[in-house]
Trainee: 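Before I ask anything, let me first share the structure, which is written out below as structure tokens.
Keep in mind that what you see is a predicted model, and the values were worked out from it rather than measured. FYI, side chains are in, hydrogens and waters are out, and symmetry mates aren't considered; it's all heavy atoms of this structure.
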Amino acid sequence: MTEHLRVAVLISGSGTNLQAIIDEIHLGTSPAEVVAVLSNKPAYGLERARLANIPTRQVSAKPGQSREDYDGELDRVVAEFKPDLLVLAGFMRILSASFVNRYDGQLLNIHPSLLPLYKGLDTHARALADGQTEHGATVHFVTPELDSGPRLIQGVVDVKQTDDVDSLSARVHVIEHKIYPMAVDWLASGRIRYADGDIYLDGELLEEPRRVHCKENHG
Ligand code: GRF
């Protein structure tokens with residue numbers, strides 16, 4: 001029997017990316033298993049996990065708790081599930097360098113922009129303000145510097161002249177739901193090797209992230 005990649009997903013909110021990953025795995029094509037869903041606060045994504053019979057944990061920060069201390073506690077809970085891969089899917093906390101380094105090569109994030117453009121918050125508004133004709137989302141390995149780790153896949157959408165933050169973010173969300181399960185599948189099926197900050201896809205050094213262009217669903 002194929003060994004399944006044990007995936008723990010960290011969320012803070014609605015968990016639509018979590019759902020996309022669960023759905024992809026349920027199709028039975030990806031040798032991955034979501035072994036736990038963790039949140040730092042009450043979140044609808046925890047309910048999604050329960051509905052899929054996936055163990056959940058809420059690890060809330062205590063008042064005055066330092067980042068290092070919280071991350072130590074988070075790490076202890078994560079470790080209970082012995083994951084091979086940690087997937088950040090809307091986890092709204094910055095992780096300390098020690099946590100990130102401990103999971104070097106095993107920690108993925110999805111960010112709603114075509115990195116290196118628009119690190120941080122308000123990505124859709126900033127892309128619109130700059131008059132970008134393309135926008136999207138990036139799946140990347142996490143390194144201590146925020147939104148700067150090696151990039152695996154980008155989902156690209158065209159920006160329409162009539163777009164506002166809501167319409168653009170909705171389209172970016174749709175493409176996130178394609179590229180995040182794809183990235184997890186690449187890892188689960190052994191297509192990715194990560195060494196010293198370099199990503200190899202099917203044995204080839206990935207100089208630039210794979211781009212998936214979404215022209216559908218322009219509403
Ligand atoms: C996504 O937009 C993702 O890019 C960002 O957080 C959001 C999570 O959305 N990191 P959801 O909870 O998966 O719907």
Trainee: Donor-acceptor check, side chain of Ser39 to backbone of Pro42, threshold 3.5 angstrom: yes or no?
Mentor: no
Trainee: So how far is it from Ile199 CD1 to Arg151 CZ, rounded to the nearest 0.5 Å?
Mentor: 9.0 Å
Trainee: Might you confirm whether atom CG of Asp202 has over 12 heavy atoms from other residues, nucleotides or ligands at distances under 6.0 Å?
Mentor: yes
Trainee: Let me see the working for Leu38 and Leu74 under side-chain contact (heavy atoms from CB on, under 4.5 Å), right down to the final yes or no.
Mentor: CA-CA 9 Å; Leu38 293 91; Leu74 181 68; 4.2 Å; yes
Trainee: Calculate, to the nearest 0.5 Å, the distance between atoms NE2 and CG belonging to His140 and Leu107 respectively.
Mentor: 9.0 Å
Trainee: Please give me the minimum heavy-atom distance between Ala52 and His26, naming the atom from each residue.
Mentor: CB-CE1, 4.3 Å
Trainee: Over all heavy atoms of both residues, which pair between Ile175 and Val157 is shortest? Give the atoms and the distance, please.
Mentor: CG2-CG1, 4.1 Å
Trainee: Nearest 0.5 Å please: distance from the CG atom of Asp71 over to the CD atom of Gln65.
Mentor: 9.0 Å
Trainee: Is the side chain of Asp147 donor-acceptor paired with the backbone N or O of Gly120 at a distance under 3.5 Å, no angle test?
Mentor: yes
Trainee: So that I can tick it off, tell me whether Glu47 and Arg50 are bridged by a salt bridge, with the cut-off set at under 4.0 angstrom between side-chain N and carboxylate O.
Mentor: yes
Trainee: Hey, what do you get for CD (Glu73) to NZ (Lys62), rounding to the nearest 0.5 Å?
Mentor: 3.5 Å
Trainee: Take Leu10 and Val87 through the side-chain contact (heavy atoms from CB on, under 4.5 Å) test and state the conclusion after the steps.
Mentor: CA-CA 6 Å; Leu10 275 61; Val87 164; over 6 Å; no
Trainee: So, does Asp122 use its side chain to make a donor-acceptor pair with the main chain of Ala125 at under 3.5 Å?
Mentor: no
Trainee: Is the shortest side-chain heavy-atom distance between Ile11 and Phe91 below 4.5 Å?
Mentor: no
Trainee: Shortest non-hydrogen contact from Ala32 to Ala188?
Mentor: CB-CB, 3.8 Å
Trainee: So, Tyr118 versus Gln132: side-chain donor-acceptor pair below 3.5 Å or not?
Mentor: yes
Trainee: Is the closest side-chain donor-acceptor distance between His213 and Asp158 under 3.5 Å?
Mentor: yes
Trainee: Does the side chain of His111 come under 3.5 Å of the side chain of Thr123 through a donor N or O and an acceptor N or O?
Mentor: no
Trainee: How about Leu201 and Ile192: do any of their side-chain heavy atoms sit closer than 4.5 Å?
Mentor: yes
Trainee: I'd like to check Leu86 versus Leu108 (side-chain heavy atoms, cut-off strictly below 4.5 Å). Are they in contact?
Mentor: no
Trainee: Which heavy-atom pair separates Val184 from Leu5 by the least distance, and what is that distance?
Mentor: O-CD2, 4.5 Å
Trainee: Are side-chain heavy atoms of Thr29 and Asp185 found at a separation under 4.5 Å?
Mentor: no
Trainee: Who passes side-chain contact (heavy atoms from CB on, under 4.5 Å) against Pro55, sequence neighbours left out?
Mentor: Phe81
Trainee: Quick check: closest heavy atoms across Lys41 and Ser12, and the distance to 0.1 Å?
Mentor: CE-O, 3.2 Å
Trainee: Test of understanding: with side-chain contact (heavy atoms from CB on, under 4.5 Å), list the residues that count as partners of Lys82, not counting sequence neighbours.
Mentor: Arg6
Trainee: Can you list the steps and then say if Thr16 with Arg48 is a side-chain contact (heavy atoms from CB on, under 4.5 Å)?
Mentor: CA-CA 9 Å; Thr16 63; Arg48 293 181 191 273; 3.5 Å; yes
Trainee: Hey, what do you get for CG (Asn101) to OG (Ser96), rounding to the nearest 0.5 Å?
Mentor: 8.5 Å
Trainee: Do Tyr44 and Leu46 make a side-chain contact, defined as non-hydrogen atoms from C-beta onward lying under 4.5 Å apart?
Mentor: no
Trainee: Can Thr138 and Gln154 be counted as having a side-chain donor-acceptor contact under 3.5 angstrom?
Mentor: yes
Trainee: Would you sort out whether Val139 and Asn109 count as a side-chain contact (heavy atoms from CB on, under 4.5 Å), showing the intermediate values?
Mentor: CA-CA 6 Å; Val139 177; Asn109 183 41; over 6 Å; no
Trainee: Is a salt bridge present between Glu204 and Arg193, judged by a nitrogen-to-oxygen distance below 4.0 Å?
Mentor: no
Trainee: Where is the tightest heavy-atom contact between Ala89 and Val9, given as atom of each residue plus distance?
Mentor: CB-CG1, 3.9 Å
Trainee: Determine yes or no for a side-chain-to-main-chain donor-acceptor pair under 3.5 angstrom, with Arg57 supplying the side chain and Val37 the backbone.
Mentor: no
Trainee: Quick check: do Ile153 and Met182 have side-chain heavy atoms less than 4.5 Å from each other?
Mentor: yes
Trainee: Taking atom CZ of Arg210 as the centre, report whether more than 12 heavy atoms of other residues, nucleotides or ligands fall under 6.0 Å from it.
Mentor: no
Trainee: Is there side-chain contact between Val159 and Glu134, with at least one heavy-atom pair below 4.5 Å?
Mentor: no
Trainee: By the definition side chain to side chain donor-acceptor pair (under 3.5 Å), identify the one residue from His124, His135, Arg171 that meets it with Asp163.
Mentor: Arg171
Trainee: Report yes if the side chains of Arg93 and Asn40 come closer than 4.5 Å at any heavy-atom pair, otherwise no.
Mentor: yes
Trainee: Just by distance, no angles: are the side chains of Asp75 and Tyr103 close enough, under 3.5 Å, to form a donor-acceptor pair?
Mentor: yes
Trainee: We want to know whether Ser148 and Lys119 form a side-chain donor-acceptor pair, criterion being a heavy-atom distance below 3.5 angstrom.
Mentor: yes
Trainee: If we count only N and O atoms by modelled type, under 3.5 Å, do the side chains of Gln58 and Ser60 hold a donor and an acceptor together?
Mentor: yes
Trainee: Cluster question for you: counting only ILVMFWY and a side-chain heavy-atom cut-off of under 4.5 Å, with indirect links fine, are Val212 and Leu115 together?
Mentor: no
Trainee: To the nearest 0.5 Å, tell me how far Leu128 CG sits from Gln161 CD.
Mentor: 11.5 Å
